[in-house]
Each structure stands twice: as C-alpha cells, then as structure tokens.
Amino acid sequence: ANAYLNTRWPSTAPEHWLRIDRSTFDVLSPTLQAKIEQSGGIDAAYVKMERCLYGHPVSGHAWIEELTAWLHSTGWTTVQGSPAVLTRGKSRLAVYVDDIIHAGPSGEARGFWYEIRAKYDVSFQGQCTEFLGVKVSAGSNASTNGWAKFSMTEYIEKIVQDYPGVVRKADTPLSDELREAHNRPVKTPPEHVLKTIGKLLWVARCCRPDISFAVSRLSSLAARWGDDCEVQMRRVVGYLSKTSGIGLWYTFNGGELKTRIYSDASWAAPRSQTGMALVEESDNGASRAMLGWGSVKQSITADSSGASELIAAHTAVRFLIAQAGAFRSDQSTSQVEVLTDNSTVIRVSVKGASQALAWLQLKPIAVRIGLLRDFVSLGIVTVLHVRTDRQKSDGFTKALDRIKLAQWRRLIGLGEARSELDNTPPLQSQLQHTASKDTVAVDAGALASIAAAIERLRAPVGLQRQTPRK
C-alpha cells in the first residue's frame, strides 16, 4: 500500500474524487480537518485523488507502469513475450503487481534490494518460502547438488473446501474429454463454474501441469456447460484433493544443461490439442527443471496427424522461444532443441515441403512451416526426434489413464518426494535426426535389439540367416 502511494495518479486516467463521511474525517490531514471545521460542520468531504490508493482498479496498472519504468532506468530488460519477467546481468526478476521475487547471485540480489528500498517503501522477506500462493522449499544433500520443490497444498485444500457438494477423490483428472459438448447451444454457466475454472487455471499454471489438459477442455466449454462438464470438473477437484501434496521438482546434480522445447499434438475432431513444454535438463538425466508448459486447443482444423503435429510445433516454438532465451542460466548461444515424436515435423522443418503431402502448400499450414524452417535455417533451433514414452508434452494433449498418468508425472518432475521422479536420460536409446545430413542415426543398443527381434521372427518359419555380400 505504501508503494502505491509513491505513484501519482496517471494523467491519462479520468479524474477521480473520493467521498469521505464525517465518521472517517480522521483519515484526512490535520490541515484539511481544520478547513472542514472552519466551514461550519459539513457531513462529507470530496477529495481529488493525486496519488494511487491500494485497491482501486486503476492503481494497480499505474503502479506497474511506474515500477517498470524505474526498473528499465536501472538497467533491467523486459523479456519479450513475458512482460512480468525482467533480466539484468545474471539475475531474473518476476513482478506481479506489488509482489516481487528475485533470483540470481547473492551480490546482485543484495544490490537490487538496496536499490529498490532506497526508492520505494517496500519490505524485504529474505529467502523465498512462498510466492503468490506457491510454497517454495529448496536445499541440497549428499545425493544432489541442489533441489527445489513448488507446491500449492493449502490453496488446493481451499478449492476443495469451497466447491459446492460432495467431492470424491479421483485417480485421474478426466474420465471423458467431452468432445461432443461443442455442438451445444451457448448459454450462461452457473456462477461457481467460472470462479472454479479461474482457480484451477492458477494451480495449473503455477506448479501442477498434470491438470493443464483438463482445465483447457473445461474452460473451452464454459459457455456450453452441461451436467457432464460438471461431473468432470468435480473430478478434477477430487483429483487435486487426492494429490494435494504433489509438487513440481527442480533437481540439479551435474551435467551440461540444455534448453529443450517438447512439442506434441493429439489429432482429434473438431480441433486437435497442442501440448508444449520448456525444459532445462542434462543428457544424463541428473538435472531437470520444467520452466514453462501449456495445453491449447488448435485454432484451425487439421486433416491429418502430420498437420496437427506441425501446428503444435509452430505454436510451441512461437510461445516458448522467448522464454527459452530468458531463462537459460548461462546465456548460451547454442541452439534450442525442439523435440517431437513425429517424423513429418522433422522432415518438413529441414526441407520445407514434402511431395507426398500436398496440403502443406495451403496458406495456414505454409505460414507455420515457414516460421519453423526459418528458425532452423537461422540456427536458432534444431528439431530432434524423441520417443513417445519420453515425450514430456504427451499429457498436455489428451486424458491419460491412471498408470500412464503416474509415469508421465514422474517423467516431468511431479511427485511428493524426489525418490518418485524418473531420472532416466531423456534421449537415451532414441532415434535422433541430424539436420545437416538429413539422416537418422540409431545407437548400437537399439540395433542389437532389432537384430535379435528379427532372429526370433525367422526361427518359426525355418528361415536361415545368410551372410550378406560385401
């Protein structure tokens, strides 16, 4: 509130006057109180606002503009595509109205807090343990150089408590993807629907990516709400109730960190679903941090799985590439790796076309292909193949059953304890595409497995392996 008072009422906003009743005259300055007494006992006073007051809708916007301008004047740069995130040196800063969190070397952190406290009347809370409803815990031990966990147990329990009716615990967020609900007429949803969806969106965005697909489906149907939608939203709340202790883990235990964008899609009618994830991880699987993610209904209809995967790759790169540059801890100039489990995306990202796929020439698709290919040709990204069972965006595209959901949660770093996480190297024994040679390389282990499988197939029909000619 004190920081807001440092902000002048914006000149672009209409004049705003406050009515103050006699019972609250004591909030006025002594000078104003004396003038009121001299006027002969009036019942109310009207005061023109020259400073922003906490709680007024204009005040928040004015404060953000004021703070951002000051940060820019002190060397901070806003991240393109993420206006709430700024960078300076090796530090990152996140601003949400009047809540600020800083991450970076201790020397830079001390310098920043000294600067801002000299300018504004703000409090310094020290090591971050909570931010916007997200509980933060971090540390290190003999088995890992460092770890951090982000969870929202208390916030989730409040959602469950406030939800009307009986909430039964569930093993998965969705049991029905509600694909037929889009044919219903538009109507106003019940009051609790929009409130609950807003709360679920916040949980999904902060540290529970496992409900992102469910929330995307429900929010797209808010204007066509039905009893089946209510059943599924109650199920999402029940799933959160059962898994309220789950958190998103970041682990750091050696290995060179690489920035990767995972892209995936589920081909469905009437519109496919795009899944995307921004991850910093090491090839040995010892270090991992999922920095951004999303589940989005595609804006155009795809007539094949290849088309839906190309749309997904374009969306993922478009939304996450700016964040990838901002969050890379070493500011490396190495390429961002885009990982997909679809061969069409890999082939078209290099060649820009495919003779077998005439629909690639249609403008809506061609524009998306052009952006992706430009990023590849400019050396900004490289497109690689990832096995479907190692695809970190899989759960953002469809509803998973209980077993696959548990496996996917471990894969992306969700769990109650670090021991639950899957630390398998992300690209071990996988087909990888080499853009410069347009070839596919297979590791020796995979070749041996293929050879053994062929031998087993030969045996029942009496075929003998012949030595190939040179």
Side-chain angles (χ1 to χ4, degrees), residues 3 64 66-151 206-207 247-261 278-292 320-337 413 418:
I64 292 173
E66 157 76 18
L67 178 63
T68 303
W70 176 78
L71 289 171
H72 288 166
S73 70
T74 57
W76 289 90
T77 302
T78 299
V79 174
Q80 185 179 2
S82 300
V85 181
L86 299 96
T87 66
R88 185 177 72 177
K90 294 183 177 180
S91 295
R92 306 292 182 272
L93 192 69
V95 179
Y96 187 86
V97 192
D98 55 348
D99 291 305
I100 302 173
I101 185 170
H102 178 282
S106 57
E108 293 187 13
R110 286 192 297 269
F112 167 72
W113 290 114
Y114 176 82
E115 287 177 307
I116 195 170
R117 294 179 76 180
K119 175 69 174 178
Y120 301 107
D121 182 10
V122 296
S123 60
F124 173 64
Q125 302 296 334
Q127 185 70 28
C128 180
T129 57
E130 189 272 338
F131 188 68
L132 301 177
V134 181
K135 296 294 182 182
V136 182
S137 56
S140 60
N141 53 33
S143 62
T144 179
N145 294 333
W147 57 267
K149 181 184 179 183
F150 306 88
S151 59
C206 288
C207 62
L248 182 63
W249 290 84
Y250 290 179
T251 56
F252 308 94
N253 196 27
E256 178 188 357
L257 289 178
K258 294 185 178 181
T259 305
R260 291 176 172 139
I261 294 176
L278 172 64
V279 185
E280 282 235 349
E281 61 187 358
S282 59
D283 284 339
N284 61 10
S287 300
R288 170 183 51 211
M290 180 177 279
L291 302 174
L320 298 177
I321 194 67
Q323 296 181 31
F327 293 130
R328 299 171 82 178
S329 56
D330 57 357
Q331 292 295 290
S332 172
T333 57
S334 60
Q335 293 177 326
V336 175
E337 297 178 356
R418 290 197 312 279

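The structure presented is a predicted model; accordingly, all values stated were derived computationally and were not measured.
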Please round to the nearest 0.5 Å and tell me the distance separating atom [atom1] of [X] and atom [atom2] of [Y].
{"X": "Y120", "Y": "I100", "atom1": "OH", "atom2": "CD1", "result": "9.0 Å"}
{"X": "I116", "Y": "T74", "atom1": "CD1", "atom2": "OG1", "result": "8.5 Å"}
{"X": "R260", "Y": "M290", "atom1": "CZ", "atom2": "CE", "result": "13.0 Å"}
{"X": "R418", "Y": "Y250", "atom1": "CZ", "atom2": "OH", "result": "16.0 Å"}
{"X": "K258", "Y": "E256", "atom1": "NZ", "atom2": "CD", "result": "6.0 Å"}
{"X": "L71", "Y": "T87", "atom1": "CG", "atom2": "OG1", "result": "11.0 Å"}

Inset, instruction - Sequence neighbours left out, what passes side-chain hydrogen bond (donor to acceptor under 3.5 Å, both in side chains) with S151? Give chain and number order. - result: none
Inset, instruction - Using the test side-chain hydrogen bond (donor to acceptor under 3.5 Å, both in side chains), find all partners of K135 that sit at least two apart in sequence or belong to another chain. - result: none
Inset, instruction - May I have the step-by-step check of side-chain contact (heavy atoms from CB on, under 4.5 Å) for T129 and V136, ending in yes or no? - result: CA-CA 5 Å; T129 57; V136 182; 5.6 Å; no
Heavy-atom pair with the smallest gap, counting every atom of [X] and [Y]:
{"X": "T78", "Y": "P83", "value": "CG2-CA, 3.6 Å"}
{"X": "R92", "Y": "W76", "value": "C-CZ3, 4.2 Å"}
{"X": "I101", "Y": "C128", "value": "CD1-SG, 3.5 Å"}
{"X": "A324", "Y": "T259", "value": "CB-CG2, 3.7 Å"}
{"X": "L248", "Y": "C207", "value": "CB-O, 3.7 Å"}
{"X": "N253", "Y": "S287", "value": "N-OG, 2.8 Å"}

Side chains of [X] and [Y]: closer than 4.5 Å at any heavy-atom pair?
{"X": "R88", "Y": "L93", "answer": "no"}
{"X": "H72", "Y": "L86", "answer": "yes"}
{"X": "V95", "Y": "I64", "answer": "no"}
{"X": "V279", "Y": "R288", "answer": "yes"}

Legend entry - All salt bridge (Lys or Arg N to Asp or Glu O under 4.0 Å) counterparts of E130, not counting sequence neighbours: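 In terms of salt bridge (Lys or Arg N to Asp or Glu O under 4.0 Å), with neighbours along the sequence ignored, E130 is linked to no residue.
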Inset, instruction - May I have the step-by-step check of side-chain contact (heavy atoms from CB on, under 4.5 Å) for E115 and W70, ending in yes or no? - result: CA-CA 11 Å; E115 287 177 307; W70 176 78; 4.1 Å; yes
Legend entry - CA sep, side-chain torsions, deciding dist, call: K90, E108, salt bridge (charged side-chain N to carboxylate O under 4.0 Å, His left out): CA-CA 8 Å; K90 294 183 177 180; E108 293 187 13; over 6 Å; no
